[in-house]
Amino acid sequence: MGEVEPGPAGPLEPPEPPEAATDRRPGGIRVLKRNMKHNGSRNCLNRRSRFGSRERDWLREDVKRGCVYLYGADTTTATTTTTSSSASSSSSDLHLVLCTVETPASEICAGEGRESLYLQFHGDLVRRLEPTERPLQIVYDYLSRLGFEDPMRIQEEATNPDLSCMIRFYGEKPCQMDHLDRILLSGIYNVRKGKTQLHKWAERLVVLCGTCLIVSSVKDCQTGKMHILPLVGGKIEEVKRRQHSLAFSSAGAQAQTYHVSFETLAEYQRWQRQASKVVSQRISTVDLSCYSLEEVPEHLFYSQDITYLNLRHNFMQLERPGGLDTLHKFSQLKGLNLSHNKLGLFPVLLCEISTLTELNLSCNGFHDLPSQIGNLLNLQTLCLDGNVLTTLPDELGNLQQLSSLGISFNNFSQIPEVLEKLTMLDKVVMAGNRLEVLNLGVLTRMSHVKHVDLRMNHLKTVIIDNLEGNKHITHMDLRDNQLTDLDLSSLCSLEQLHCERNQLRELTLSGFSLRTLYANWNRLTAVNVYPVPSLLTSLELSRNLLECVPDWACEAKKLEILDVSYNLLTEVPTRILSSLSLRKLMVGHNHVCALPALVEHIPLEVLDVQHNTLSRLPDTLFSKALNLRYLNASANSLESLPSACAGEESLSVLQLLYLTNNLLTDQCIPVLVGHPHLRILHLANNQLQTFPASKLNKLEQLEELNLSGNKLKAIPTTIANCKRLHTLVAHANNISIFPEILQLPQIQFVDLSCNDLTEILIPEALPATLQDLDLTGNTNLVLEHKTLDMFSHITTLKIDQKPLPTTDSTVTSTFWSHGLAEMAGQRNKLCVSALAMDNFAEGVGAVYGMFDGDRNEELPRLLQCTMADVLLEEVQHSTNDTVFMANTFLVSHRKLGMAGQKLGSSALLCYIRPDTADPTSSFSLTVANVGTCQAVLCRGGKPVSLSKIFSLEQDPEEAQRVKDQKAIITEDNKVNGVTCCTRMLGCTYLYPWILPKPHISSTPLTIQDELLILGNKALWEHLSYLEAVNAVRHVQDPLAAAKKLCTLAQSYGCQDNVGAMVVYLNIGEEGCTCEMNGLTLPGPVGFPSTATIKDAPKPTTPSSSSGIASEFSSEMSTSEVSSEVGSTASDEHNTVGLEASSLPRPERRCSLHPIPASGVFQRQPSCATFSSNQSDNGLDSDDDQPVEGVISNGSRVEVEVDIHCCRGRDLENSPTLPKNSSTPCPEEHARGLFSGIRRQNSVNSGILLPVNKDKTELQKSPSTSCLYGKKLSNGSIVPLEDSLNLIEVATEAPKRKTGYFAAPTQLEPEDQFVVPRDLEEEVKEQMKQQENRPEPEPSEEDLAEPPEEFDTAL
């Protein structure tokens, strides 16, 4: 068992290179020894760690074979003697062990001569492997749980050294120096006892462990003769008369002192730092958590004053010298934390520590508790969360002092009866169990219980055994269950109820003691509370189906907070708005058409009425609600605003006013003057045309102003008086003059995109606070170099990149275009990044992505830079969209390295590509996501969700999976208190609760698909899918559309980072560029081509190397084309000229209408680069023969073309080529076509080069049809005259077998011929005459079929 099967025939070991040696170990295990260097930034191995081809071939024979990277201990030690620099830091010794999934750890240890192997996950804890555990199987299981499915891919990933950031094996246990210092400090130093100098300095062994300083003679250190000095409450001082010396003193009247002299400053600082932590404690506490300990240090038992011992997150064993069975030696121990130790079995000897008052044994996999647990009579707190308990022993009832018992996230199906005996217990905490029925009679019998936490169970019904009321339960938490009806009227003392995220239709409660009620995210149509809750202060009923506010709520005299947003309300009762206690009213997202008039003064401070149908606000709103600080009336139909006050002096204290997306005009501006304390003002997407300067002058307290989406032509100059303004957003207006905002002392963010700016007048010095300036979308804006230099200190400057001038824009395919907007909101950093590539994978697709790191900005930026490259690589490996998308996410997860161990990010990736599966569709859209970023497709004006939200609150299946993995979900619905997401990229330390496997969906794109919206969590929390689609459907500019979405989210209450990307799709016939639809192929210099196609070509496979699909006909292989146009003459191949008149050019098709594939060509995944080295006299460097038709200035030209292969049988039906071509006369040179050639480093346009007509006719050849559009490195398409790489003018070059030919060089600008503007018409006529000239009939000899050739460079 465990032996490695023999490899290929011959020796199993590969030859030994200088840097590696391979040796044979017992059990058939092969070990490759290499000393590898680590990458310091990621702590992963570089390429040198990969094994050779022999080992790789051996692995391919069986997917159950693999390799294990075995690391040496990476420990940095400090020495007390002078040593070389290499002694202070040792590099890891790496062994590559070839084995199978059946090979146990003991066999690998025997081959390596080691005692044990150690396993480390995610750079965190290190545990010792059991001898029977199989390391390779552990790796394979880990990769499988991450999401890899293909066994061969799992095998490949397991051999990747980058995986060591997630899982790593050690031959000996690694330790970090700072961890060792915290556990134990020891050394031989000169020591003097006492404060006086009567005692002499003597060499002693000094140990600092736990709470004590232990001093013993060097000879007697093993016999127990030592002095123990308790340090808790004592002091540590520097000895000034002796260098690097410390004085340790204990507490109390009879305190003792020891002076210790250290040899180096580093040692002195280490001891001082650690001892200072001990003496500063009030109680004797020792924290040894997260140190991968298997036993307690031996010297710790000398600290008999320890009262609290923390051993959380270790691998403590039972039967070891310092194991759990020896903890009873601490005679004063009161608190013990052994959580997350994976014990499996309850350590029974812990029940002998009678002094314990607090015991934490959560997350240890206990299935049951021993009866001896009843011996801990002093126990007050017992935490057993995260185990697999189903029952509790009756002996637990002996713990009469137990006041806190945690049994959440176990497997209980009912409330344990033993809890009735625990009379001191006031809380029943059973969240995350398996209760399906709640029997209130059981709780009634527990008269001592006041708080009940049953969230995240499977509760469906609530039953009552008798009519007796429960007068002791005050708090009940029933969140995230499956209740449909809830009647808790028998709980007459209930003060607080949480029942969010159920399926409640009706709720009945007792109002005698009710103070707070939270019932959001249900289906409530009725809420009954009797009697009227006179003590009720907070009522939250949002996201339900209520059609009116309950009457009892209107009568609640102490109600301060009322949230009934996202319901079906049509009116707001007068008693609610006129309440003398209500301070916060949320009625947004309803159908309210009018608010009642106010007669008396009210204390209302916050009013949210957004997303209703209000046409006006109450006239007395601002005069009666004098405490109103926040008003959000966005997304209504307001045409005017009420006056602030009746008198001259305003009493308004309004600070935040959101009026976005209404019908307000310039007449509302004077009303704003009545609110002099305004800090935030949002008036976006209204009908403002002017903003009077005199009115803006009075808003001196303004800090944030949003005027985007209006018709403003200028921002008043009086904005310079708003000295506190830090944010100005005015995109999508008609502003032509840059506002005077660069003199404001606190300005930070300015967005003037999508306007009509032409120039910017800037002061001599810009404000140092300016961080973000957005000027994109101003097509007429020209920034001088001086201005750009002035803006160089700005953190984020966004300006348009001016496109290169082109003479033919009809060749460019515009199937999609995108706009991106990101706003930081109220936070000081942007943790959202986006990926946008309109031309991806050689220009035939597009990739868009959104990454949200929540609180970190590092991971979104890493994903932004790497994920497209990973996708491009995965697409080459598989054509299955589910496979390559899933692998893209999983590989990106791995590539995050150490950054992904503690940080995480939501990710969304959208890939548009030609649809090969559905012949009725031109493109398909594949969307994959983890976390909370989402994509929505607008199809026929309706939103189609393409993503899945992976959060505990909105995905019950994922929540159940996390619960089954025994994660602790805190009350704020976060996994281990970290994140609410259940799937993310990164956060590997939360494995297996957080996984990177994405949700994937694919859909064919049709003519009905208008746009695609990508957004992060903050965007979709404040905008519905339908509203987002309707908001941007009719916006012409995708950038303005994305900006609008972010502005709406902020105006609707978003204060977090928000990101939006809008991709406009043009998949309809209007995006077609086929000649069959009447689009004339442009000539070489932009003139319409008059060439006609004589013979229709055979159907071919469209090329994927450009945005416009182009085809090769089956006349010849690409190798033959390359040989025909550029190789030197030889005896084997006769020179063949390409006569343009005899070559039909296929009609060009776009990606919407590809020619059906016939299997003629097989697309190569790569491209060949053809280069030529020519001498100064124009001769080829290989054989010094002049190349006919090539004019050279001796430079080097590299041409990149796509390589296709064709079959010989398809050549038979192809038009034949002439063996010889006639040499054109000089007159034909003069009358020939002009081919525009742009010099690579030239900025001149319109420079034309006269070229022989026969040579330019090559562009009509099917083999060069891809040259009608040349793809740049960024994926864009430019017309022929802008191409930097040319091959069509080398048609007369001799032929040779290699894949390289002599390409023509470009002439100097002074040698090129320019066509004057006034002669263009005459030139065009000459071109037509030349095209209409009859061609000579080819002879029979010319029509002879050339021999079959397959000459491919690859």
Side-chain angles (χ1 to χ4, degrees), residues 427 431 438 440 443 450-457 459 462 464 469-569 572-573 575-577 579 581-590 604 606 608 953 971-973:
K427 295 181 180 180
L438 174 58
L440 295 180
L443 296 178
K450 297 182 179 180
H451 296 251
V452 178
D453 183 359
L454 297 176
R455 59 189 174 89
M456 302 191 74
N457 275 271
L459 291 176
V462 177
I464 305 176
N470 189 315
K471 299 181 180 180
H472 47 269
I473 293 182
T474 60
H475 293 73
M476 178 82 73
D477 193 342
L478 300 175
R479 284 176 289 177
D480 300 288
N481 280 282
Q482 304 171 22
L483 297 170
T484 56
D485 295 285
L486 183 59
D487 185 353
L488 298 179
S489 57
S490 62
L491 305 182
C492 54
S493 298
L494 188 64
E495 299 179 3
Q496 176 177 297
L497 173 63
H498 280 278
C499 57
E500 301 99 307
R501 291 179 295 279
N502 279 274
Q503 303 173 17
L504 294 176
R505 295 187 298 266
E506 186 173 356
L507 177 62
T508 304
L509 301 173
S510 171
F512 285 108
S513 304
L514 191 62
R515 297 178 182 270
T516 55
L517 172 60
Y518 305 96
N520 307 326
W521 292 92
N522 282 285
R523 303 174 183 175
L524 290 172
T525 58
V527 180
N528 305 313
V529 178
Y530 182 83
V532 174
S534 58
L535 301 177
L536 185 67
T537 59
S538 179
L539 176 61
E540 295 189 8
L541 300 172
S542 65
R543 300 185 184 273
N544 281 285
L545 303 176
L546 297 175
E547 296 182 356
C548 61
V549 179
D551 291 336
W552 55 265
C554 303
E555 300 177 5
K557 302 301 182 180
K558 294 185 178 181
L559 186 63
E560 298 181 359
I561 300 174
L562 175 60
D563 186 357
V564 287
S565 56
Y566 293 94
N567 277 282
L568 305 176
L569 304 181
V572 177
R575 291 180 297 174
I576 287 293
L577 195 60
S579 172
S581 61
L582 195 64
R583 299 182 181 275
K584 182 178 181 179
L585 176 60
M586 313 287 287
V587 291
H589 297 271
N590 282 282
L604 195 65
V606 176
D608 191 336
E953 297 179 351
E971 292 189 4
D972 55 353
N973 263 8

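These values consider heavy atoms only, across backbone and side chains, with no hydrogens, waters or symmetry-generated copies.
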Would Thr474 and Gln496 satisfy side-chain contact (heavy atoms from CB on, under 4.5 Å), going step by step from the backbone distance to the final call? CA-CA 7 Å; Thr474 60; Gln496 176 177 297; over 6 Å; no

Would you call Arg505 and Asp485 a side-chain contact if the rule is heavy atoms closer than 4.5 Å? yes

Is the shortest side-chain heavy-atom distance between Val572 and Asn590 below 4.5 Å? no

Answer yes or no: is there a donor N or O on one side and an acceptor on the other, between the side chain of [X] and the main chain of [Y], under 3.5 Å?
X: Asp453; Y: Ala431; answer: no
X: Asn520; Y: Ser542; answer: yes
X: Asp487; Y: Ser489; answer: yes
X: Asn567; Y: Val549; answer: no

Residue set satisfying ring-ring contact (aromatic ring centres under 6.0 Å, His included) with His589, at least two apart, ordered chain then number -> Tyr566, His611

Might you point out which heavy atoms bring [X] and [Y] nearest each other, and give the distance in Å?
X: Pro550; Y: Val527; result: CB-O, 4.2 Å
X: Leu507; Y: Ala519; result: CD2-CB, 4.3 Å
X: Leu443; Y: Met476; result: CD1-CE, 4.3 Å
X: Asn470; Y: Leu491; result: CB-CD2, 3.4 Å
X: Leu514; Y: Leu509; result: CD2-CD1, 4.2 Å
X: Cys499; Y: Leu486; result: CB-CD2, 4.4 Å

Roughly how far, to the nearest 0.5 Å, is the [atom2] atom of [Y] from the [atom1] atom of [X]?
X: Glu495; Y: His475; atom1: CD; atom2: NE2; value: 5.5 Å
X: Leu604; Y: Ser581; atom1: CG; atom2: OG; value: 10.5 Å
X: Leu459; Y: Asn502; atom1: CG; atom2: CG; value: 8.0 Å
X: Leu517; Y: Thr537; atom1: CG; atom2: OG1; value: 10.5 Å
X: Asn457; Y: Leu438; atom1: CG; atom2: CG; value: 9.5 Å

Passes side-chain contact (heavy atoms from CB on, under 4.5 Å), Leu504 versus Asn544? Steps please. CA-CA 9 Å; Leu504 294 176; Asn544 281 285; over 6 Å; no

Mind jotting down which residue pairs meet the side-chain hydrogen bond (donor to acceptor under 3.5 Å, both in side chains) criterion with at least one end in residues 546-564? Sequence neighbours excluded, please. Asp563-Ser565

Please name all residues satisfying side-chain contact (heavy atoms from CB on, under 4.5 Å) with [X], sequence neighbours left out, ordered by chain then number.
X: Arg479; result: Arg455, Asp477, His498, Glu500, Arg501, Glu971
X: Pro531; result: Phe512
X: Ser538; result: Thr516, Tyr518, Glu540, Ile561
X: Ile464; result: Leu440, Ser490

For a side-chain contact (heavy atoms from CB on, under 4.5 Å) check, start with the C-alpha distance between Asn973 and Asp480, then their side-chain angles and the critical distance, and finish with the verdict. CA-CA 10 Å; Asn973 263 8; Asp480 300 288; 3.7 Å; yes

